[in-house]
Amino acid sequence: MLQIQKIRDEKDAVIAGLEKKFFGEIELLDKLLALDEQKRGVQVKREEMQARLNKSSKEIGMLMKEGKRKEAEAKKNEVKNIKEEGLGELSNEFSRLEGEVKDILLQIPNVPHESVPKGKTEEDNEVVKTDEAPTLSDDALPHWELAKKYDLIDFELGVKIAGAGFPVYKNQGAKYQRALIQYFLDYNTDAGYQEMQLPLMVNEDSAYGTGQLPDKEGQMYHVGDDNFYLIPTAEVPITNIYRDEIIDPKELPIKLTGYTPCFRREAGSYGKDVRGLNRLHQFDKVEIMQLVKNDQSYDVLNEMVAHVETLIKNLGLPYRILRLCSGDTSFASALTFDFEVYSAAQKRWLEVSSVSNFETFQSNRMKIRTRNAEGKTELVHSLNGSSLALPRILACLLENNQTENGIAIPEVLQSYYGKKVIS
RNA sequence: GGUGAAAUGUCAGAGUGGUCGAAUGAACUUGUCUUGAAAACAAGCGUACUUCACGGUACCGGGGGUUCGAAUCCCUCUUUCACCGCCA
């Protein structure tokens with residue numbers, strides 16, 4: 001959520017940013033500012049009236065104490081008049097305006113960072129860095145066939161138990177997943193991230209906090225009876241740890257990591273995109289998150305990108321880094337770098353990580369603050385990234401490392417997996 | 001799931017209708033003293049909105065109500081604790 005003060009002070013810059021992001025309702029800004037001004041006008045009137053009432057009430061209290069009943073009664077009537085002047089109406093008006101202002105603010109996406117290239121679709125993303133796309137022999141198999149051949153993943157069984165998009169990892173496949181998760185977590189904790197094990201369901205407040213609500217309501221599984229949402233990413237519970245907190249500056253930066261399954265409805269997806277492990281309703285992911293002082297977030301973003309890059313390199317996968325264009329940058333993000341690894345058998349790049357700086361967009365919603373040098377509270381910047389999403393990594397590891405004698409396991413994973421090859 | 005108790009500032013903990021944004025203690029910050037530290041003493045020490053400013057308003061788990069006036073009374077929800085039941 002953008003800060004209303006910022007919209008007031010830098011309206012033109014905000015509008016330019018939102019236009020760059022192709023936000024379709026720029027006119028909301030004018031409506032917002034008008035409502036906000038109206039709100040403050042009503043607020044001043046209401047508080048002035050309330051102040052008079054409070055003052056009189058205190059006087060009544062004093063008169064009662066002194067035993068001056070009659071005068072107190074007279075005063076009571078006087079106070080009643082204040083109420084009839086319309087205090088109730090003003091209060092209702094104020095609440096209404098306050099609600100409308102908030103509703104609009106929740107609908108406005110974050111303003112993109114100046115370095116974000118303008119563009120509408122993924123075609124316009126800027127390739128920051130890229131490996132050569134390797135080629136495999138013509139008889140190389142896609143991962144869903146390798147999964148069958150080596151009995152690693154059973155997609156049909158998942159359909160039987162739950163539905164499409166809920167694969168069952170079996171035997172060596174399950175073990176490979178576990179090895180990857182453990183390696184990722186160790187890699188992150190070695191870099192100073194503290195490991196957290198988190199709730200897989202969150203309440204409404206948490207979903208609003210990170211920006212999933214109201215923007216992505218239909219993308220989350222909702223447990224109606226208890227009004228819980230299944231997390232679409234660990235970002236939600238892990239960032240909400242600090243909701244409504246004022247963090248001691250000495251504790252910053254806060255660096256957390258967590259492994260969780262993620263649940264996404266993926267309404268509207270279809271076709272070859274969803275084949276095999278490419279797009280699932282439930283998948284595993286290890287996430288990293290940082291909360292930092294507001295002048296450090298872009299350095300930290302680079303640091304996190306480098307962190308993920310090394311992780312992918314360690315796995316030996318061909319990858320590229322994209323700076324997302326304005327239209328492809330998510331609702332809450334100011335700047336996002338995507339990592340894609342190359343699936344040689346499918347001959348396509350697959351997104352495996354997304355590293356974003358949200359600046360104060362999330363912390364403003366969640367009221368995550370710290371103190372500046374003067375001791376005043378100020379919002380922190382929040383960042384997060386995947387390190388990494390499992391299924392597509394697994395897909396590429398299977399496809400790219402297939403040999404006549406089985407599927408080779410990258411060296412860094414061998415101690416976790418216990419073998420050098422799947423056969 | 002049942003019964004009972006509770007929820008107050010960073011923490012502990014007073015406060016049951018009227019100068020209560022809230023006693024007291026601890027922690028913390030600053031100063032005095034000290035070679036330094038400790039101790040002692042003194043002062044300070046919630047958040048947010050609003051106003052050019054003085055100031056004003058709101059917040060004592062959340063929401064609603066009664067009243068001229070609510071931390072305090074009523075309703076409701078949530079959470080915590082205790083005991084019972086069930087259970088990995």
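The figures that follow rest on heavy atoms only: side chains count, while hydrogens, waters and symmetry mates do not. In what follows, chains are A, B, ... by sequence order, proteins preceding strands, each numbered from 1. None of the values given here were measured: they were computed from a predicted structure.
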Spacing of the [atom1] atoms in [M] and [N] (rounded, Å):
{"N": "B:A6", "M": "B:U16", "atom1": "C1'", "answer": "15 Å"}
{"N": "B:U78", "M": "B:C28", "atom1": "C1'", "answer": "32 Å"}
{"N": "B:C84", "M": "B:U29", "atom1": "P", "answer": "45 Å"}
{"N": "B:G65", "M": "B:C81", "atom1": "C1'", "answer": "29 Å"}
{"N": "B:U72", "M": "B:G61", "atom1": "C1'", "answer": "16 Å"}
{"N": "B:G64", "M": "B:A58", "atom1": "P", "answer": "15 Å"}
{"N": "B:C45", "M": "B:G69", "atom1": "P", "answer": "31 Å"}
{"N": "B:G17", "M": "B:A22", "atom1": "C1'", "answer": "15 Å"}

Please give, in whole Å, the distance from [N] [atom2] to [X] [atom1]?
{"X": "A:Glu378", "N": "B:U47", "atom1": "CD", "atom2": "C1'", "result": "16 Å"}
{"X": "A:Ile246", "N": "B:C45", "atom1": "CD1", "atom2": "P", "result": "16 Å"}
{"X": "A:Gln5", "N": "B:C49", "atom1": "CD", "atom2": "C1'", "result": "11 Å"}
{"X": "A:Glu204", "N": "B:C77", "atom1": "CD", "atom2": "C1'", "result": "14 Å"}
{"X": "A:Lys376", "N": "B:U29", "atom1": "NZ", "atom2": "P", "result": "19 Å"}
{"X": "A:Glu245", "N": "B:G9", "atom1": "CD", "atom2": "P", "result": "13 Å"}
{"X": "A:Lys367", "N": "B:A48", "atom1": "NZ", "atom2": "P", "result": "9 Å"}
{"X": "A:Leu87", "N": "B:U67", "atom1": "CG", "atom2": "P", "result": "14 Å"}

- prompt: Parallel, tilted or perpendicular: which fits the ring planes of A:His281 and A:Tyr221, with parallel below 30° and perpendicular above 60°?
  reply: perpendicular
message: Please verify the inter-ring angle class for A:Tyr417 with A:Tyr176; under 30° counts as parallel, over 60° as perpendicular, anything in between as tilted.
response: tilted
task: Classify the nucleic acid contact of A:Asn54 as base, sugar-phosphate or nothing, counting any heavy atom under 4.0 Å across all strands shown.
output: sugar-phosphate
- prompt: Across the strands shown, which category fits A:Gln50 at heavy-atom distances under 4.0 angstrom: base, sugar-phosphate, nothing?
  reply: sugar-phosphate
Taking the side chain of [X] as heavy atoms from C-beta outward, which of [options] is closest to it?
{"X": "A:Met62", "options": "B:U19, B:G69, B:U47", "result": "B:U19"}
{"X": "A:Val44", "options": "B:C49, B:U51, B:C68", "result": "B:U51"}
{"X": "A:Gln43", "options": "B:C49, B:U57, B:G18", "result": "B:C49"}

Lys/Arg cation over aromatic A:Phe337: A:Arg323, 6.0 Å, 45° cone: no
- request: Would you kindly compare A:Arg52 and A:Phe94 by the position of their nearest RNA chain B nucleotide and give the one closer to the 5′ end?
  value: A:Phe94
query: Between A:Ile60 and A:Lys55, who's closer to the 5' end of RNA chain B by nearest nucleotide?
result: A:Lys55
Phosphate contact ([N] OP1 or OP2) by [X] side-chain N/O below 4.0 Å:
{"X": "A:Arg40", "N": "B:U51", "value": "yes"}
{"X": "A:Arg369", "N": "B:A48", "value": "yes"}
{"X": "A:Arg371", "N": "B:U47", "value": "yes"}
{"X": "A:Thr377", "N": "B:A48", "value": "yes"}

query: Taking atom CD of A:Gln3 and atom CD of A:Glu10, what is their separation to the nearest 0.5 Å?
result: 9.5 Å
query: Going through the checks in order, is the ring-ring contact (aromatic ring centres under 6.0 Å, His included) test met by A:His381 and A:Tyr298?
result: CA-CA 10 Å; A:His381 282 196; A:Tyr298 282 95; 7.3 Å; no
Validation row, ring centre A:Tyr193 to ring centre A:His307 under 6.0 Å: yes
Ring center gap for A:Phe361 and A:Phe331 short of 6.0 angstrom: yes
task: Extract the stems that RNA chain B is part of, considering only consecutive pairing runs of at least three Watson-Crick or G-U wobble pairs, both distances under 3.5 Å.
output: B:1-7 with B:78-84, B:10-12 with B:24-26, B:28-32 with B:40-44, B:46-50 with B:55-59, B:61-65 with B:73-77
- prompt: For the side chain to side chain contact (heavy atoms under 4.5 Å, CB included) test, which of A:Glu204, A:Met201, A:Gln212 pairs with A:Tyr229?
  reply: A:Glu204
- prompt: How close do A:Lys21 and A:Thr329 get, heavy atom to heavy atom, and via which atoms?
  reply: CE-O, 3.5 Å
